[in-house]
Amino acid sequence: MSENQTSLVFVINGEKFELSSVDSSTTLLEFLRTQTRFKSVKLGCGEGGCGACVVIISKYDPLLDRVEDFTASSCLTLLCSIHGCSITTSEGIGNSKQGFHPIHERFAGFHASQCGFCTPGMCVSLFGALVNAEKNNCPEPPSGFSKVTGFEAEKAIAGNLCRCTGYRPIADACKSFAADVDMEDLGLNSFWRKGESKDLKISRLPQYDSHHKNIKFPLFLKDIKHDLLLASKGNSWHKPTSLEELQNLLKLNHANGTRIKVVANNTGMGYYKDKERYDKYIDLMGISELSKIRKDQWGVEIGAAVTISKAIEVLKQQSKSDFISDFVMILEKIADHIGKVASGFIRNTASVGGNLIMAQKNNFPSDIATVLLAVDSMVHIMSGTQFEWLTLEEFLERPPLSLESVLLSIKIPSLETIRSTSSEKRSRFYFETYRASPRPLGNALPYLNAAFLVEVSPSKDSGGFMIDTCRLSFGAYGNEHAIRAKNVEEFLTGKMLSFSILYEAINLLTSTIVPKDENSKTVYRSSLAASFVFQFFNLLIEISAGATNFSNGYSNIPIVKDFDLKEKQVHHDKTPTLLSSGKQVLEAGNEYHPIGKSITKSGAALQASGEAVFVDDIPSPPNCLHGAYIYSSKPLARVRSIKLSSELLLDGVRDVISSKDIPSGGENIGAKTVFGSEPLFAEEIARCVGDRLAFVVADSQKLADMAANSTIVNYDTENLEPPILSVEDAVKRSSFFEVPPFIYPKHVGDISKGMAEADHKILSAELKLGSQYYFYMETQTALAVPDEDNCITVYSSSQCPEFTHSTIARCLGIPESNVRVITRRVGGGFGGKAIKAISTATSCALAAQKLCRPVRMYMNRKTDMILAGGRHPMKITYNVGFKNDGKITAFELEILVNAGIYMDISATMPHNIVGALKKYDWGALSFDIKICRTNLPSRSAMRGPGELQGSFIAEHVIENVAATLSMDVDSVRSINLHTHKSLQSFYDHCCGEPFEYTLPSIWSKLAVSANYEQRTEMVKEFNRISIWRKRGISRVPVVYQLSLRPTPGKVSILLDGSVVVEVGGIELGQGLWTKVKQMAAFALGTIQCDETENLLDKIRVLQADTVSLTQGGFTAGSTTSETCCEAVRLSCDTLVERLKPLKEKLQKEMGSIKWETLILQAYMQSVNLSASSLYVPSNNSTMYLNYGAAVSEVEIDLLTGGTRFLQTDIIYDCGQSLNPAVDLGQIEGAFVQGLGFFMLEEYETDLNGMSLADGTWNYKIPTVDTIPQQFNVQILNSGHHQHRVLSSKASGEPPLLLAASVHCATRAAIKEARKQLLSWSDMDESDSTFHLGVPATMPVVKELSGLDVVERYLKWKTGMA
C-alpha cells in the first residue's frame, strides 16, 4: 500500500496539508477554525441550515479528466472525506494582503454587510455560482460581467441566512455580476451616482475578470490514490473501492460488534446529530458502482451515492433532446422539485440514496421519496452477498434496513412500464409535483409534498378525459413515510373526469389519509392534500373543457408542460419569481462634510473576506479549555445530583464548575441590571427550563458539548409547589415583579368620560402575542484569560461590557481594577447580547480563575435557543369606545407580560409598550400592565422590546374598530392620527415643535409615492376576478419614543497625524464605527488645514476596552451611535481648541499648513493630543419622537395559505441622516426582522417551557425569497432639530414596527377570501371581525381562508351548495 493511502492529503487556499492521524469525526469546519489561520468559515448552526460555513471544494474526476468545483457546508463535511481535494474559503478568493476579490468589494460598496458574520459565506456561495457559470456553453458576456444570470446570482445565496440587512443590498451585490440585469434596478451603492450612464456605471464597478481564476487546482492532487485507510486513537476511516471490499468490511465488523457509521457525505448529520461515538467510518464515495448513472429505453438508473445536484443535472439534460416526450418532461419536473430540497451547498454533497435511507430508517420527511414514489421507481439493495430489486413502496414499508444492507441505486422506469394495457395509443401522461413550505426556494422542510401521475385518454362521446391509470403519492404527514392513496387511485381509474367525481375523490382522500399524530398542523396538512389533488385535476378539467383535437400533440394540449392559465383558473407558481428590486430615495445634507455622505461601512471588505476578527476567531491561548452549560430540563425542581458519562470523564473533561466553585468573597451572580441581579448557577433548586446548573470544562468545544449533552441530572419535586407556566397561573398566585413607579407610564384623559361619549363599544376583547428568538448569527461566546496578580482579561461578544465587567468582579470577589473586558465587534445582537451575554463571560472567567487556564465557550445553537428567552409574550384584554365615524374616544387595556423567572429588563416593558401604543389619539387611555414572574427562561430586550407589541396592539384595535363599523380601515387610521395638540397630551415631554411632527406629511406623501389609492382599486379588481389568490394592501404609521444616555468618547492624535477613537458604544453591525469616523473627520476638519478632506482615511475606531474607557454603559435603544458621535465631537472640539493657537501662528508664518505638519509641530510643543469626554444629554434633548409609515401589499394563496410579499414602500424620518446608507440598511433590516415576527417565526415551547424550536430546521427567519419583491425606501431629511446630534435621528428599531403593515395587508386579503367563501354558500354577511394570529404562518392563513375551501368550491360548482 503506497504511503498516500494511509495519510490524508488536501489543500486549503493553496497550502498543502498531510495528516497521518485524524479523529474521523472531525469536520472540515472544526479543522479550519482550530488548526489553520483561516477563520472566515463561521459556525452559525452546525446543521447546514445557515450558510455561514460555506467553502468551495474542488475535486478531480479522473474519468472525465476535469475538476469539479462546488460549494459545501464545512460544518457537515468530515475532514477525511476531502482526501485529494482543494478547499477555498473567502480569504482564498481574495484578502487585504493580496487584494480583495470584486465580490468582496461589491459587497462593501453595495452596503451588503452589517455585522459581517454571515458575509464570507455569502461571498463563497456567490463565487461558486460564478465559477460554475463560466463552465457552461453560453455566449461570452460583456466585459466585467459573468455568465451567471440575475436569477442564478440571487438564487446562489438562497440558502444563506442574514439577520441584519434584510437581503436587498446582498441581492444587488450578487446581481451586479449578471449581464442580464438592468443597472438601473441595482440599489444604492458607493460606486456611482444616480443618473450616470450605463457604461459609466459599469466602468465604476470593481472589475470582474472571468478568466482570472482565483481557484488553481494543485496538479499533484490529480495523482493522489483515493482508497484511504486512516487509523487514529479511538476510530478509523475506510474508503473501500469495490462492493466486495465493502461487503467484507461490514461482515467483519458485524461479528465483533464494532460501532460503524456508513457515510456518503455526512449531510444527514445536520438533521440526525451523532448521539454516540463510532469506532469505524466507512466512506462509500470510493465505490464507482454507487456513483454511476445509466440511461436506456427502460428508464434512468441513478447510483445511490450520486449527489442531488448531479441527479438534477442529469434529469434536466434529457430535455435538451429535440423530441420532448412525456417521460422527458416528467424527469424535468422531478428535477425542478428536488431542486427545492435543502439548499445548493447541501444538494452539492447530499446523496440521493442517503436521502431515501433517512426516509426508510428514520422517517425523514423526504421530498425525493414522495416524487419518485409517484413514478413507480425501483431500488436496488445489497444485503450481505444478496442483491435484490424492490419497488420504492416495498422498500419504504420494510423494517429499517440493517447495517449490512446497502442501497445501490434507484431506477426511474420509462412510461411503458406504467402505461395501462387497455389504453389506446392516443393516451397521454400528465405529471405534477407539489410542495407547501415556508420558503419558496427550499431550505425548509415542507408541511406537505405530493406528486401525481395520471394517464388520460379522450372520451369518444363527451369530449372529456378518461383516467386510465393514476398514481397519487403524498409525503409523510403524520405517517412514517411517503404513501400512495391507493383507494383514491382505484376510485378514479376508469372514470370520466368531472367536478362531481373530483369532489368524491377529495372526500375519499381526506377520510382515508388520517395523520397519526393529532396537532394543529394535521388538519392543515389534510387540507393541503385536498388542495393539491384539486389543483392537479381542476387543470385537466379546464383543459378538457377547452380541448378540441386531442391527438395532434402539444399544440392544443400541452399536458405535461405548465399552462398559461387565465386568472379564473388555478394559478400554480412553479418557480417563484425571485428577483427582488427596490428604489431608495435619500435626501442627504451637505453642511457637515463628510457627515451625511453614504460612506461604505467601516471594515466591510474585511468582513467579506473573513479577516474581521470576532471573539471566537481569536486564536486559543496555550492550554485553553472549552466550556458548555448543563442546564435544567425541568421548570421547578430540586437538583439531587449531576453525573457525567464515565467514558467522557476519562477522555478530556477537566472539571464541572457550579455555584460551589464561587470563591469566598465572591457572589453567585450571572447578570445584573439597575433592577436587580440573577444567579450564575442554580444552587439547589432549578427554577426554569434552561436554568444553568453547571459548566463543563473540557479540552475541546465538541467534547464539552458532548459531555454536557450526556449528563444525567437527578431531580425531585417533593414539597415544591407546581411551577407557574403561564400568565394566568401567575395572576392566580400573585406572582409579579414590581415596576418602579418612576418608569411606569401615566394615563391620559378621563376614561369614563371617553366611554360615555362613544356610540359603540368593544368590550373584553382578547389578543395574545408570542415570543421571537434573536437568531444573531454568532451565538453567545467569550474567552477568559487569567493574568498575573489575580487579574483577568475577558473577550466578550457583548452589548454592555461595563455590566459584564462589574458582574465578573463581583462573582470572583476581586476589585474591578483587576478585570478587563474587551469587545471588538459583535456578530449580531438585537438586545440578546446585552444582559444575556453577561453570564457567558462570567462563567468563562470563573472557570479560568479556578483552573488557572484560559477558558472559552462558543455556545451551540440549540443551547442558545433554549436559554435565550427572547421577546416578551403577552396577553392583552381591552375595551374600546368609538364614534360612528371611527374616531376612538376611549381605550383601556389590561396587559399580562410574561417575564420569565428573573427580572432582566422587564421593568421597562410598561413604559415601552405604552410609548408605542400612544401613536394614535385614543381620546382617553388607561392601562394596567402587570409583569408576571413565571418558571420560564427570563425574557430580555429584543429589538423594539415592548414597542413592537404596543404598536401592533394599536393596529389590532384599529382593525377591530373598522371591522365592527364595516368601514375602510385606512380611513379609521387617518381619523385617529394625532394633531400636534393631541400629540402634546400623549407625549408631554418629547413631542417637540409643531414643525418636527412630520407624521401627517409622511402619511400623505406616502399615499402619493406608493400610488396607494390607485393600487387599492387594482387590488379590488384583482380580487374580483381571481378565485384562488387574494390580495390585500395596508398603510401603517409609527411613532417611536427614543431616549439618549450618557456616553463616553476619547480621541487621540498620533505623531503621523493618524487618529484613534474610542467610544462607549459597541459595533453590532449598525454602522456605529462608520458614523463615529465621519463625526471625527468632520469635527477635526473644522481646524481647516489643507487637505483635511482626507482625514476620514486616517481615523481608526478601536475596540471597546472597559479599562481604557470607563462608563461605557450599554449599546441599545437605537441612539448609541448618535450619543457616541456627540461624545467624539466634544473630544474633537477640545483638541481643535488646543490646536487653534498653534495653527494660527504657523499659518501666519507659512501661509498654508498641512494637517501632518500641524500635528508634528504640536507634538514638538507638547500640546496634549488626547481628549476624552462624557456626553450627558441635557433635559430637553434626552427624549424625542421619531416618525415613519409603510404601505405593504401581499397576495395569499387560498389553496396553501402561502403569502407572497409583493411590495413595501416606506418613508422614514431620519432627521438629517449622519450616513444615509447605514440608516437605509437599518431600516430595511429592521423591517425584515419585523416581517419575521409577524409572518414566519414560531418560537414555541412545550408545556414545561422547553423551546421546541432548537435550530434552523424548525425556526425560520426570513430569507432572500421571503422579503418584499419590490422594496422601496425613502429617507426623509426633516431639516434642523436643534436638540438632536447634528439634527440626526435614530433608525435601528422604529422601522421594525412598520412590518405590521404586512400582517394587516394579509388580514385584508383573508377578509376577501372569507367573503368569497360565504358567497358560494349564498350568504352575503361577512364575518370581518376574525382574529389573525401572530405569526401569520401558512397554516394560520389557510385556516382563516377556509380549510375546506376546495370542497365548498366544488359543492358550489356542482350545484350541491
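Residue numbers run from 1 in the order of the sequence given. Remember, it's a predicted structure, so these values are computed and weren't measured experimentally.
Distance check: Tyr271 OH to Asn355 CG gives 11.5 Å after rounding to the nearest 0.5 Å. In this structure, CG in Leu396 is found 8.5 Å from OG1 in Thr391, a value given to the nearest 0.5 Å. Atom CG of Leu492 sits about 8.0 Å away from atom CG of Leu502, to the nearest 0.5 Å. Rounding to the nearest 0.5 Å places CD1 of Ile330 at 7.5 Å from CZ of Phe327. Taken from SG in Cys45 to CG in Leu76, the straight-line distance is 7.5 Å, to the nearest 0.5 Å. Annotation: the span from Lys361 atom NZ to Met358 atom CE amounts to 12.0 Å, rounded to 0.5 Å.
Not one N or O on the side chain of Lys310 forms a donor-acceptor pair closer than 3.5 Å with the backbone of Ala305. For Arg259 (side chain) and Arg277 (main-chain N/O), a donor-acceptor pair under 3.5 Å exists by modelled atom type. Checking side-chain atoms of Gln247 against main-chain N and O of Gly384 turns up a donor-acceptor pair under 3.5 Å. Checking side-chain atoms of Tyr524 against main-chain N and O of Thr1200 turns up a donor-acceptor pair under 3.5 Å. Judged by distance alone, the side chain of Glu313 and the main-chain N or O of Ile308 form no donor-acceptor pair under 3.5 Å. The backbone N or O of Ser343 sits nowhere less than 3.5 Å from a side-chain atom of Asn443 that would complete a donor-acceptor pair. Using modelled atom types, no side-chain atom of Ser527 and backbone atom of Val523 make a donor-acceptor pair closer than 3.5 Å. Within the 3.5 Å criterion, the main-chain N or O of Ile346 finds no donor-acceptor partner in the side chain of Ser73. No donor-acceptor distance shorter than 3.5 angstrom exists from the side chain of Thr1263 to the backbone of Ala158, with no hydrogens or angles considered.
Within 6.0 Å of the CD atom in Glu244, the count of heavy atoms belonging to other residues, nucleotides or ligands does not exceed 12. Atom CD of Gln386 sits in a sparse spot, with 12 or fewer heavy atoms from other residues, nucleotides or ligands closer than 6.0 Å. Residue-environment remark: CH2 (Trp389) exceeds the threshold of 12 foreign heavy atoms within 6.0 Å.
Across Ile334, Ile410, Val352, Asn449, a single residue satisfies side-chain contact (heavy atoms from CB on, under 4.5 Å) together with Ile368, and that is Val352. Checking Leu78, Thr349, Leu28 one by one against Asn266, the side-chain contact (heavy atoms from CB on, under 4.5 Å) holds for a single residue, Leu78. With Ile282 as the partner, the side-chain contact (heavy atoms from CB on, under 4.5 Å) test is satisfied by one option alone out of Val263, Leu403, Ile287, Ile260: Ile260.
Under the side chain to side chain contact (heavy atoms under 4.5 Å, CB included) criterion, Asp1254 pairs with Lys862, Asn1258, not counting sequence neighbours. Legend: residues meeting side chain to side chain contact (heavy atoms under 4.5 Å, CB included) with Leu64, ordered by chain and number and at least two apart, are Asp61, Arg66.
Residues Leu250 and Val406 are in side-chain contact: their nearest non-hydrogen atoms beyond the backbone lie under 4.5 Å apart. Proximity of Glu504 to Lys495: side-chain heavy atoms (C-beta onward) are nowhere separated by under 4.5 Å. For the pair Ser531 and Val1350, the minimum side-chain heavy-atom distance is below 4.5 Å. Two residues are said to be in side-chain contact when any heavy atoms from C-beta on lie closer than 4.5 Å; Glu301 and Lys292 fail this criterion. Contact of the Lys1342 side chain with the Leu1347 side chain is registered, since non-hydrogen atoms from C-beta on lie closer than 4.5 Å. Counting heavy atoms from C-beta on, the side chains of Ile293 and Val306 come closer than 4.5 Å. The shortest distance between side-chain heavy atoms of Ser24 and Leu230 does not fall below 4.5 Å. Using a 4.5 Å cut-off on side-chain heavy atoms (C-beta onward), Thr433 and Asp336 make no contact.
Counting only N and O atoms by type, the side chains of Asp227 and Thr241 include no donor and acceptor under 3.5 Å apart. In this structure, a donor-acceptor pair under 3.5 Å is absent between the side chains of Asp283 and Ser81. A donor-acceptor pair shorter than 3.5 Å can be found between the side chains of Ser457 and Asp468. Remark: the Asn265 side chain and the Thr267 side chain contain no N/O donor-acceptor pair separated by less than 3.5 Å.
Shown here for Gln297 and Ser414, the closest heavy-atom pair between the two residues is O-OG, 3.1 Å. Minimum interatomic distance between Arg525 and Tyr447 (heavy atoms only, all atoms of both residues): NE-O, 2.8 Å. Among all heavy-atom pairs drawn from Thr510 and Ser526, the shortest one is CG2-O, 4.0 Å. Heavy atoms only, all atoms of each residue included: Met1338 and Ser437 are closest at SD-O, 3.3 Å. Considering all non-hydrogen atoms of both residues, Thr77 and Ala72 come closest at OG1-CB, 4.2 Å. Taking all atoms of both residues into account, the shortest heavy-atom contact from Ala530 to Glu1351 is CB-OE2, 4.3 Å.
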Check against side-chain contact (heavy atoms from CB on, under 4.5 Å), Met269 and Asp274: CA-CA 7 Å; Met269 195 181 79; Asp274 284 350; 3.7 Å; yes
Test side-chain contact (heavy atoms from CB on, under 4.5 Å) applied to Lys411 and Trp298, step by step: CA-CA 9 Å; Lys411 182 159 192 173; Trp298 305 113; 3.9 Å; yes
Pair Ser288-Ser291, side-chain contact (heavy atoms from CB on, under 4.5 Å): steps then yes or no: CA-CA 5 Å; Ser288 59; Ser291 297; 5.9 Å; no
Worked check of side-chain contact (heavy atoms from CB on, under 4.5 Å) between Asn348 and Thr307: CA-CA 6 Å; Asn348 291 338; Thr307 65; over 6 Å; no
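Ion pair Glu393/Lys486 flagged as a salt bridge, since at least one NZ, NE, NH1 or NH2 atom sits closer than 4.0 Å to an Asp/Glu carboxylate oxygen. At a threshold of 4.0 Å, the pair Lys273-Glu47 counts as salt-bridged, since one of the basic side-chain nitrogens sits closer than that to a carboxylate oxygen. Between Lys340 and Asp367 no salt bridge is recorded (no basic side-chain N to carboxylate O distance below 4.0 Å).
Using a 30° and 60° split on the angle between ring planes, Phe452 and Phe537 fall in the parallel class, below 30°. Between Phe364 and Trp1257, the ring planes lie perpendicular to each other; the angle is over 60°, past the 30° to 60° tilted range.
Checked against the 6.0 Å centroid threshold, Tyr430 and Phe536 count as a close aromatic pair.
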